[in-house]
Amino acid sequence: MKVLVVFALALATASASLLPKEAPVHPRDLPAVPSIQGRITNGKTAVEGEFPYQVGLSFASTSGSWWCGGSIIDNQWVLTAAHCTSGASAVTVYYGATVRTNAKVTHTVASSNFIQHASYNSVVLRNDISLIKTPSVAFTTYINKVALPAIASSYSTYAGEKAIASGWGKTSDAASTVAETLQYETFDVVSVATCQNTYGTLIATSKVICIATPNKTSTCNGDSGGPLVLASSKVLIGVTSFVSSAGCESGAPAGFTRVTSYLDWIKDNSGVEK
């Protein structure tokens with residue numbers, strides 16, 4: 001497990017808008033704090049087949065292992081976060097699972113099958129996106145791809161729209177394992193400006209989508225890399241990237257890598273497009 005990302009943006013000449021009021025952190029890197037509730041905090045439990053595009057990802061490395069989420073975008077491709085693939089030597093992909101350990105299919109692939117964004121920056125959480133190439137998997141009721149947005153000259157900000165996040169994040173930050181059953185919740189997308197009020201402009205760029213997290217409901221440990229889809233169309237718009245280091249229940253916005261900003265990158269590296 002990587003150390004908590006701590007931001008020391010103390011340049012005297014920096015604009016106040018650059019500086020975060022709260023430090024963002026990848027959900028994977030949140031410390032164990034018994035008083036903070038985890039998973040998609042206070043979310044709902046999914047039923048079998050409700051999120052066929054969701055996969056569980058169990059990463060292995062010489063220094064330990066960790067759990068993330070991901071999205072099926074093609075028979076041989078999974079989209080996840082760069083902070084999930086970073087430092088890993090291999091991953092086991094769990095397809096069609098609602099109970100995390102009861103997958104319909106599993107595949108294990110080495111890191112040579114990872115395409116991590118070459119400009120991923122763990123300090124300012126920039127370009128937090130990766131692809132994983134897998135053996136081909138047959139689509140069924142329980143295993144299927146999620147739709148990507150169409151490549152276009154311009155895109156909606158999605159601010160004010162409803163979006164659904166899902167994952168097997170921990171049931172508490174102090175828990176030793178992630179949740180056993182897939183969780184989800186519907187959130188309101190907020191503007192980039194609203195997100196910048198918390199995290200500053202260095203973190204909350206136009207390549208980020210943020211959601212409001214009222215009532216102690218948010219993404220958390222173990223949800224990293226998982227999907228954010230529009231509630232109306234189930235189109236994939238975000239990859240779970242960061243929350244406040246104050247905790248999942250802090251009420252601060254949660255951040256996602258904006259998929260529309262990386263459609264060309266996805267197409268160039270995997271051949272996959274809408």
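Please read these numbers as outputs of a predicted model, since none were measured by experiment. In what follows, every heavy atom counts, from backbone to side chain, and hydrogens, waters and symmetry copies are set aside.
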Report task. Supply the atom-to-atom distance Ser270 OG to Ile73 CD1, rounded to the nearest 0.5 angstrom. Result -> 4.5 Å
Side-chain donor-acceptor pairs of residues 206-214 under 3.5 Å, sequence neighbours excluded:
| unit_1 | atom_1 | unit_2 | atom_2 | d |
| --- | --- | --- | --- | --- |
| Thr213 | OG1 | Gly251 | O | 3.4 |
| Thr213 | OG1 | Ala252 | O | 2.7 |

Query raised in the report: When rounded to the nearest 0.5 angstrom, what distance separates CD in Glu50 from NZ in Lys44?
Result: 10.0 Å
Requested in this report: Could you tell me whether Lys104 and Glu48 have a side-chain N and a carboxylate O separated by less than 4.0 Å?
Outcome: yes
All N/O donor-acceptor pairs, side-chain side in residues 146-159, below 3.5 Å, sequence neighbours left out:
| unit_1 | atom_1 | unit_2 | atom_2 | d |
| --- | --- | --- | --- | --- |
| Tyr155 | OH | Ala150 | O | 3.2 |
| Tyr155 | OH | Ala152 | N | 2.7 |
| Tyr155 | OH | Ala152 | O | 3.4 |
| Ser156 | OG | Tyr158 | N | 2.8 |
| Thr157 | OG1 | Ala159 | N | 3.3 |

Query raised in the report: Are any of the side-chain heavy atoms of Tyr94 and Val55 separated by less than 4.5 Å?
Result: no
Report task. State, yes or no, whether a side-chain contact exists between Gln183 and Ser166 at a heavy-atom distance under 4.5 Å. Result -> no
Query raised in the report: Looking only at heavy atoms, what is the nearest atom pair of Val192 and Thr205, with distance?
Result: CG1-O, 3.8 Å
Query raised in the report: Counting only heavy atoms not in Lys267, do more than 12 sit closer than 6.0 Å to its NZ atom?
Result: no
Query raised in the report: Just how far is it from atom CH2 of Trp67 to atom CH2 of Trp168, taken to the nearest 0.5 Å?
Result: 6.0 Å
Query raised in the report: Just by distance, do the side chain of Thr240 and the backbone of Gly226 share a donor-acceptor pair under 3.5 Å?
Result: yes
Query raised in the report: Does the Asp74 side chain pair with the main chain of Trp77, one donor and one acceptor, at a distance under 3.5 Å?
Result: no
**Report entry** Stepwise side chain to side chain contact (heavy atoms under 4.5 Å, CB included) check, Asn127 with Asn121
**Finding:** CA-CA 7 Å; Asn127 302 310; Asn121 185 319; 5.9 Å; no
Report task. Would you check if the side chain of Glu161 reaches a backbone N or O of Asp188 as a donor-acceptor pair within less than 3.5 Å? Result -> no
Query raised in the report: So, do Thr98 and Val47 sit near enough that their side-chain heavy atoms are less than 4.5 Å apart?
Result: no
Query raised in the report: Do Val190 and Leu228 belong together in a cluster built from hydrophobic side chains that touch within less than 4.5 Å?
Result: no
Query raised in the report: Would you call Phe59 and Phe114 a side-chain contact if the rule is heavy atoms closer than 4.5 Å?
Result: yes
Report task. Would you indicate whether the side-chain heavy atoms of Trp66 and Ser61 approach each other to under 4.5 Å? Result -> yes
Query raised in the report: What about Val123 and Leu125, same hydrophobic cluster or not, with Ile/Leu/Val/Met/Phe/Trp/Tyr joined at side-chain heavy-atom distances under 4.5 Å?
Result: yes
Query raised in the report: For the side-chain hydrogen bond (donor to acceptor under 3.5 Å, both in side chains) test, which of Ser224, Ser122, Ser130 pairs with His83?
Result: Ser224
Report task. For Gln196 and Ala204, indicate whether the former's side chain and the latter's backbone hold a donor-acceptor pair under 3.5 Å. Result -> yes
Requested in this report: Find out if a path of hydrophobic residues (ILVMFWY) with successive side-chain heavy-atom gaps under 4.5 Å connects Val78 to Val109.
Outcome: yes
Query - Contact check, side chains of Thr85 and Tyr120, non-hydrogen atoms, under 4.5 Å - result: no
Query - Val243 vs Ser218, side chain to side chain contact (heavy atoms under 4.5 Å, CB included): CA-CA, chis, key distance, verdict - result: CA-CA 8 Å; Val243 294; Ser218 181; 4.1 Å; yes
Query raised in the report: side chain to side chain contact (heavy atoms under 4.5 Å, CB included) with Leu79: which of Ile132, Val239, Val272?
Result: Val239
Query raised in the report: Atom CZ in Phe242, atom CZ in Phe256: separation rounded to 0.5 Å?
Result: 9.5 Å
Query raised in the report: When you look at Tyr262 and Thr257, which way does the side chain to side chain contact (heavy atoms under 4.5 Å, CB included) test go after all the steps?
Result: CA-CA 9 Å; Tyr262 295 91; Thr257 303; 3.4 Å; yes
Query raised in the report: Can you list the steps and then say if Phe187 with Val189 is a side chain to side chain contact (heavy atoms under 4.5 Å, CB included)?
Result: CA-CA 6 Å; Phe187 299 91; Val189 177; over 6 Å; no
Query raised in the report: Atom OH in Tyr95, atom CD1 in Ile72: separation rounded to 0.5 Å?
Result: 6.0 Å
Query raised in the report: Looking only at atom types and distance, does a side-chain atom of Tyr199 sit under 3.5 Å from a main-chain N or O of Pro253, one as donor and one as acceptor?
Result: yes
Requested in this report: Say whether Ser241 and Asp128, considering side chains only, have a donor N or O and an acceptor N or O under 3.5 Å apart.
Outcome: yes
Query raised in the report: Taking the side chain as C-beta and beyond, is there a heavy-atom pair between Asn144 and Tyr53 under 4.5 Å?
Result: no
Requested in this report: Determine whether the side chains of Thr92 and Thr108 contain a donor N or O and an acceptor N or O closer than 3.5 Å.
Outcome: yes
Query raised in the report: Are side-chain heavy atoms of Leu263 and Val259 found at a separation under 4.5 Å?
Result: yes
Query raised in the report: Quick one: does Asp223's side chain have a donor or acceptor within less than 3.5 Å of a partner on Gly169's backbone?
Result: yes
Query raised in the report: Thr219 and Ala254: which non-hydrogen atoms are nearest, and at how many Å?
Result: OG1-CB, 3.6 Å
**Report entry** From Ser71 atom OG to Leu236 atom CG, the distance as rounded to the nearest 0.5 Å
**Finding:** 4.5 Å
